[in-house]
Amino acid sequence: MASTLRVLVIGDVVGQPGCRALFVGLPELARRVAADLVIANAENAAEGFGLTPEIAERIRASGVHVITSGNHIWQKREIYPALATTDTLLRPENYPVLSGAAAIPGKGHCIVTVRDTPVLVINLEGRVNLSPLRDPIQVGRALLKQFRSRVKAAIVDFHAEAVEEKEAVALSFDGEVSAVVGTHTHVQTADERILPGGTAYITDIGMTGPVDSVIGMKKETAVARSLTQMPLKMEVQDSPAEIQGVLLEIDLSHGKARTIERIRQRSAV
Ligand SMILES: [Fe+2]
Ligand SMILES: [Fe+2]
C-alpha cells in the first residue's frame, strides 16, 4: 500500500463554462499533480443551479471519482433517482432524516477505494444563512464513529457560508479527519493551513466557473440586483473559466495531512 495519497478537490462547477473547463482541463491537471483521488462539488453544474444525470456522467468521465454537492443540489429533480442509487454522488448528510414518501434521496458519505486505499468522503452543509439542518458536527462525528476505523483517510466537503462556522466545524474535526475543505461561497480563500491536530483546512476552495463574473453569474444582473434589491433571475456568465480547488497530500501512516496547496488553472476554452 502507498505511503501517501494525493487528493485533488475541485470547487463548485458552475454551468457550461465550468463544465467545459473541467472536461478539457481536468485530465491534464490530474496527471500534472499526480492525483490519486479527485473529488468535485457539482451543485451548480447544470445551468448554475443543480445537476443532471447526464452532466454527472460527463463529470465522472473527465476523471472525478466522487461528486459532492450542497444546497443547490435539489433544483433539478431529475438527479434525485441518481442520488438514491449512486454511491459516489453525494448530497449533504445532515438534511432531516425522514421515512416513507417524505424520505430525502441520497446520502452524504461514501467510502471510495483508490490505489488499494479506502477513503471516507463526507459532505456536510452549514446552518448559518442556510437551512436549519441537523448539526454538522454531531452528524459528522456519528459518521466518523461508524466508518473511521475502516479507512486510511477521511475528507470532509463542508458546504457553508460563514467563515466562523467553517473554522469551528473544521476545528471540531481536527485530528479526526485528513481535511476539511470549504465550498459554497465560490471565492477561493488564502487561509489554507494544517490545523494543530493535523487536519488540512481552507475556508473555501473556490469555484470552477467563469472568472469575470459574480460568483459565476452574469455581472449585469448581479449589479442590478444589488442596485434595485429585486430578486432578478441569475444566469451563468458565458466567459472563460478556471478550475479552482486544492491539492492535499495525506500521510497514510496516520491519515493526517502533510500539505494543502491551492490550485487555479485557467481553461484553454
Ligand atoms: Fe455553489
Ligand atoms: Fe451552495
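Whatever order the structure lists them in is the order used to number ligands and atoms, beginning at 1. Atoms considered below: every heavy atom in the structure, side chains included; atoms not considered: hydrogens, waters and symmetry mates.
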Q | N/O/S atom of H159 inside 2.8 Å of the Fe ion (ligand 1), strictly under | A | no
**Q.** Heteroatom N/O/S of N71 within less than 2.8 Å of the Fe ion (ligand 2)
**A.** yes
Q.
Would L120 and I155 count as a side chain to side chain contact (heavy atoms under 4.5 Å, CB included) here? Give the steps.
A. CA-CA 6 Å; L120 175 64; I155 314 289; over 6 Å; no
Q.
Before you tell me yes or no, could you show the steps for D36 and T117 under side chain to side chain contact (heavy atoms under 4.5 Å, CB included), namely the whole-Å CA-CA distance, both residues' side-chain angles and the distance that decides it to 0.1 Å?
A. CA-CA 10 Å; D36 301 304; T117 307; over 6 Å; no
Q) Of all N, O or S atoms in H184, which has the smallest distance to the Fe ion (ligand 2)? A) ND1
Q | Contact flag H72/the Fe ion (ligand 2), N/O/S atoms, threshold under 2.8 Å | A | no
Q) Less than 4.0 Å between a side-chain N and a carboxylate O, is that true for R193 and E167? A) yes
Q.
Using the Fe ion (ligand 1) as the vertex, how large is the angle between OD1 of N44 and OD2 of D12, rounded to 10 degrees?
A. 110°
Q) More than 12 heavy atoms of other residues, nucleotides or ligands under 6.0 Å from CD of E78: is that the case? A) yes
Q.
For the Fe ion (ligand 1), give me the closest N/O/S atom belonging to E43, just the atom name.
A. OE2
Q: Determine whether L195 and V177 fall in the same hydrophobic cluster, where Ile, Leu, Val, Met, Phe, Trp and Tyr are linked whenever their side-chain heavy atoms lie under 4.5 Å apart.
A: yes
